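Here is the structure we will look at, set down as structure tokens.
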Amino acid sequence: MREIDVAQITDAVAEMSRRSNVELPADVIAALRQAREREDAPIACEVLDQLLLNAEYAEATGLPLCQDTGLAIVFVDLGQDVHLVGGELQQAVDAGVRRGYEEGYLRKSVVRDPLDRSTNTGDNTPAVVHLRLVPGDRVTVQFAPKGGGSENMSGLWMLTPAQGRQGVVEAIAAQVAAAGGMPCPPVVLGIGLGGTFELSALLSKRALFRPLGRPSPEEDVAGLERDVLAAVNATGVGPMGLGGRTTALAVHIERHPCHIASLPLALNVQCHAARHMTTVL
Amino acid sequence: MADNTPKKLTLPLTEEAVCGLRAGDVVHLSGPMYTARDAAHQRLMELIRAGEELPIELAGQVIYYCGPSPAPPGRPIGSAGPTTSYRMDDFAPEMYALGLRGTIGKGNRSAHVRQALMRHPGVYFVAVGGAGALLSDRIVAAEVVAYPELGPEAIRRLVVEDFPVIVGHDCTGGTAFVGEKRLG
């Protein structure tokens, strides 16, 4: 049994809080550059130029890419041969968020009571922690600051089995078209297909951690990703909803078996500031 | 080839300047503006509906829907991009009626807001969401002028230079948003 002190998790979360909010991942920058190449409408070009410039400014100044430095989403894959010592996991993660958001001059965007907006917790805690037991003696900590504007445009449908593949494509494209410029397109779409009501939502969030544009290893799912991407970009919503060829940078689908009566479909919308980092302990 | 040569405008905005703007125009704003978002709007509306005095002057002004990140040492403000505007749609028509000239945010506005722009007249600008570092660099001064207890949602007075925005909806009923129709 390998022992890992939860202080290491605190340190990792603090560093990822700071860095992920300032450094746009290389895969996202590459996708924005490719999008800029595809566009010729003046406003679409203006928006994408500002976004690429913004990534440079953030790196140069240390300012966050976006003022919405997110609610802290943390996926922990805990090897079952690991014994965590020195404290409790949720408290260790929250300590990392508290330190990272303070030291990084990041915005504290969490209210304790959803119905009383004056109850900001002051330190951006608690983080949303999703724990999974996996084989081995390592701990993988994935961190994403999730903005509210794109999260608000997410959706979940319990489709009928008869609606099938076409129903999936249509539901996603309609949702993205209705959202227009609100979630800060060009967006990244995380989709959970199958499972149950709650599992589909979790899969849709997990799908956002995949390197941008890496297709599903399952060929039929990869084909569905291509079709959803084409349908979404055919809406013409474009960067910030002001028209263009690029409404989504990527579509990532995670599939799971489901009940014979069900076809759960969850969409987690991620803005173009697709911030995510991983630390393996 | 893109031609986005910006129009340069000085704040606060005159009626004439607003009437000269058309959807899709790229504009660089210079001068003072105020930030206010969800919580500040709720408080302002309580005062307006009670007939009480507001902590800021609305006439001729521009409100930026923005809750910035904290200012690091040596800077007036942190990252400062727009938040989504539709959450302020229920409040905006009354504020335009009191003389507010413009708002800045991201995303589409309701038909009620667009009609208010045509009536008073006013303008809705889009700033590029997620460009908070770039936009912060165009803010030369910032001070909290009301509701400091709201933290990022406090009302701030900013002074901006060449702050880049795009006209989303104009006072003639024109719109830059895909899927929206011209009004009027």
Side-chain angles (χ1 to χ4, degrees), chain A residues 21-22 39-47 49-51 53-69 102 104-109 117-118 120 122 147-149 152-153 177-185 235-244 247 271-273, chain B residues 1-6 23-26 35 38-39 42-43 66-75 77-87 105-109 126-138 147 149-153 164 166-168 175-180:
Chain A
N21 271 298
V22 174
E39 298 287 353
D40 49 26
I43 295 181
C45 294
E46 167 75 19
V47 170
D49 283 344
Q50 282 194 35
L51 292 180
L53 199 56
N54 184 64
E56 292 176 22
Y57 270 73
E59 285 259 16
T61 59
L63 287 170
L65 291 150
C66 178
Q67 74 290 340
D68 186 350
T69 52
E102 193 57 37
Y105 296 93
L106 307 178
R107 197 178 78 182
K108 288 75 178 177
S109 310
R117 313 306 290 191
S118 67
N120 194 306
N152 284 346
M153 297 300 128
M182 293 191 282
C184 284
T235 62
V237 165
M240 294 313 293
L242 301 172
T247 302
C271 65
H272 54 72
Chain B
M1 191 58 211
D3 176 17
N4 295 322
T5 311
D25 286 351
V26 177
T35 67
D38 307 67
Q42 285 185 21
R43 296 205 184 180
C66 173
S69 62
R75 290 192 161 268
I77 198 167
S79 190
T83 195
T84 319
S85 305
Y86 76 96
R87 298 193 311 271
K106 67 180 170 82
N108 200 4
R109 307 305 301 267
V126 176
V128 174
L134 171 69
L135 293 167
S136 175
D137 204 63
R138 309 295 171 87
Y147 313 137
E149 66 278 12
L150 293 179
E153 298 205 56
I166 299 159
V167 177
T175 178
F177 283 95
V178 170
E180 285 296 302

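A quick note: this is a predicted structure, and the numbers were derived from the prediction, not measured. We name chains A, B, ... by the order of the sequence lines, and we start the count at 1 in each one. Values reported hereafter were calculated over all heavy atoms of this structure, with side chains retained and with hydrogens, waters and symmetry mates removed.
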- Contact part of A:Leu106 toward chain B, heavy-atom cut-off under 4.5 Å: side chain, backbone, both or neither?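 Backbone of A:Leu106 only, per the 4.5 Å heavy-atom cut-off to chain B.
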Heavy-atom pairs under 4.5 Å with chain B - which of [options] has more of them than the others?
{"options": "A:Leu51, A:Thr235, A:Asn120", "answer": "A:Leu51"}
{"options": "A:Gly244, A:Ala177, A:Cys66", "answer": "A:Cys66"}
{"options": "A:Gly180, A:Gly236, A:Gly238", "answer": "A:Gly236"}
{"options": "A:Ala58, A:Ala55, A:Pro64, A:Gly181", "answer": "A:Pro64"}
{"options": "A:Gly241, A:Ala273, A:Gly243", "answer": "A:Gly241"}
{"options": "A:Asn21, A:Val47, A:Leu65", "answer": "A:Leu65"}

With a 4.5 angstrom heavy-atom cut-off, is it the side chain or the backbone of [X] that approaches chain A, or both, or neither?
{"X": "B:Phe177", "value": "both"}
{"X": "B:Ala39", "value": "neither"}
{"X": "B:Pro68", "value": "backbone"}
{"X": "B:Leu150", "value": "neither"}
{"X": "B:Ala71", "value": "backbone"}

- Query: Which one, B:Pro70, B:Gly67, B:Gly107, leads in non-hydrogen pairs under 4.5 Å with chain A?
  - Reply: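 The option with the most such pairs is B:Pro70.
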- Task: Look at B:Gly132, B:Ser79, B:Gly179, B:Pro164 and state which one has the largest set of heavy-atom pairs under 4.5 Å with chain A.
- Result: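 Max contact count across the listed options: B:Ser79.
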Side chains of [X] and [Y], heavy atoms from C-beta outward: is any pair under 4.5 Å?
{"X": "A:Pro185", "Y": "A:His272", "result": "no"}
{"X": "A:Glu39", "Y": "A:Pro239", "result": "yes"}
{"X": "B:Glu180", "Y": "B:Asn108", "result": "yes"}
{"X": "A:Leu63", "Y": "B:Arg75", "result": "yes"}

- Message: Can you list everything that forms a side chain to side chain donor-acceptor pair (under 3.5 Å) with B:Asp38? Sequence neighbours excluded, please.
- Response: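 Only B:Arg87 meet the side chain to side chain donor-acceptor pair (under 3.5 Å) criterion with B:Asp38.
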- side chain to side chain donor-acceptor pair (under 3.5 Å) against B:Ser69, all qualifying residues, sequence neighbours excluded: none
- Query: Looking at B:Ala133 and A:Asn54, what are the two nearest heavy atoms and their distance?
  - Reply: N-OD1, 2.9 Å
- Backbone N/O of B:Val126 and side chain of B:Lys106: donor-acceptor pair under 3.5 Å: no
- Query: Between A:Asp68 (side chain) and A:Gly148 (backbone), is there a donor-acceptor pair under 3.5 Å?
  - Reply: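 Yes; judged by distance alone, with no hydrogens or angles, the pair exists.
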